[in-house]
Amino acid sequence: MPQPDDMFGDDDYPAYTMGRAAEITGASQDFLRRLEEAKLFTPFRSAGRHRRYSRYQLRLAARARQMVEHGTALEAACRIIILEDQLEEALRQNETYKRQQEAGA
């Protein structure tokens, strides 16, 4: 089992409560709930059903807050962020594939 220090270093580990997530991102708790409703991300739920957020999710929330503050509609901001994330993942997979092809050539 991973040690707590290892888990907190993991970008996907749900280490932050909703209150702390709101503090870190500069967003309200309601804004974080709206991001969940818009399906930007789904926070982990603790045994007590409390939301927990990862550092990765906090980065997405901060980006969405920034876009909304600059006039982008919340739903549009979420869709843009999702598409950017998908593109980044596709580029990462493509690069991995290219390296594998070069290594096998």
Side-chain angles (χ1 to χ4, degrees):
M1 176 144 188
Q3 296 297 335
D5 288 343
D6 295 337
M7 292 183 289
F8 284 104
D10 181 352
D11 269 0
D12 295 317
Y13 181 71
Y16 302 96
T17 64
M18 177 178 269
R20 185 68 180 126
E23 227 177 89
I24 290 169
T25 61
S28 68
Q29 292 183 16
D30 182 59
F31 185 79
L32 294 173
R33 285 186 206 95
R34 289 176 49 216
L35 294 178
E36 181 180 357
E37 289 169 7
K39 301 189 184 339
L40 180 58
F41 50 70
T42 302
F44 176 80
R45 295 288 184 140
S46 69
R49 303 295 300 149
H50 298 280
R51 290 172 177 89
R52 296 285 187 263
Y53 298 88
S54 68
R55 287 190 298 185
Y56 171 73
Q57 290 171 330
L58 296 184
R59 284 195 300 274
L60 295 178
R63 175 82 173 116
R65 183 188 58 78
Q66 181 182 49
M67 291 176 76
V68 168
E69 284 180 354
H70 284 94
T72 306
L74 179 82
E75 293 77 16
C78 290
R79 186 67 184 138
I80 290 166
I81 293 167
I82 289 166
L83 290 170
E84 288 174 342
D85 200 48
Q86 289 172 343
L87 175 59
E88 186 178 316
E89 178 61 24
L91 292 171
R92 190 173 24 256
Q93 288 178 1
N94 189 40
E95 190 59 36
T96 299
Y97 176 75
K98 282 200 273 187
R99 280 196 300 272
Q100 290 171 346
Q101 294 301 309
E102 291 170 358

Nearest heavy-atom neighbours spanning [X] and [Y]:
X: A22; Y: L32; value: N-CD1, 3.6 Å
X: L35; Y: A64; value: CD2-CB, 3.7 Å
X: F31; Y: A27; value: CD2-CB, 3.6 Å
X: K39; Y: I82; value: O-CD1, 3.6 Å
X: G19; Y: Q29; value: CA-NE2, 3.4 Å

Practice problem: Determine, stepwise, if the pair T17 / H50 fulfils side-chain contact (heavy atoms from CB on, under 4.5 Å). | Solution: CA-CA 8 Å; T17 64; H50 298 280; over 6 Å; no
Rounded distance [0.5 Å steps], [atom1] in [X] versus [atom2] in [Y]:
X: C78; Y: R63; atom1: SG; atom2: CZ; result: 11.5 Å
X: M67; Y: L74; atom1: CE; atom2: CG; result: 10.0 Å
X: L40; Y: L60; atom1: CG; atom2: CG; result: 5.0 Å

Applying salt bridge (Lys or Arg N to Asp or Glu O under 4.0 Å), can you list everything that pairs with [X], at least two apart in sequence or on another chain?
X: R20; value: E23
X: R49; value: none
X: E36; value: R45, R51
X: R79; value: none

Exercise. Decide side-chain contact (heavy atoms from CB on, under 4.5 Å) for Q86 and E84; before the verdict, give the C-alpha distance in whole Å, the side-chain angles of both, and the deciding distance to 0.1 Å.
Key: CA-CA 5 Å; Q86 289 172 343; E84 288 174 342; over 6 Å; no
Self-check item: For Q93, all residues meeting side chain to side chain contact (heavy atoms under 4.5 Å, CB included), sequence neighbours excluded
Solution: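 Residues passing side chain to side chain contact (heavy atoms under 4.5 Å, CB included) with Q93: E89.
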Self-check item: All side chain to side chain contact (heavy atoms under 4.5 Å, CB included) counterparts of D85, not counting sequence neighbours
Solution: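 Here the qualifying residues are Y56.
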Check this for me, if you would: do [X] and [Y] make a salt bridge, where the nitrogen-to-carboxylate-oxygen distance has to be below 4.0 angstrom?
X: E88; Y: R92; value: yes
X: D11; Y: R59; value: yes
X: R33; Y: E37; value: no

Donor-acceptor pair, distance only, cut-off 3.5 Å: does the side chain of [X] make one with the backbone of [Y]?
X: T72; Y: V68; answer: no
X: E75; Y: A38; answer: no
X: R65; Y: T25; answer: yes

Practice problem: In sequence, state the C-alpha distance, the side-chain angles, and the governing distance for F44 and Y53, and then conclude on side-chain contact (heavy atoms from CB on, under 4.5 Å). | Solution: CA-CA 7 Å; F44 176 80; Y53 298 88; over 6 Å; no
Quiz item: Checking side-chain contact (heavy atoms from CB on, under 4.5 Å) for the pair D12/R55: CA distance, chi angles, key distance, verdict?
Solution: CA-CA 6 Å; D12 295 317; R55 287 190 298 185; over 6 Å; no
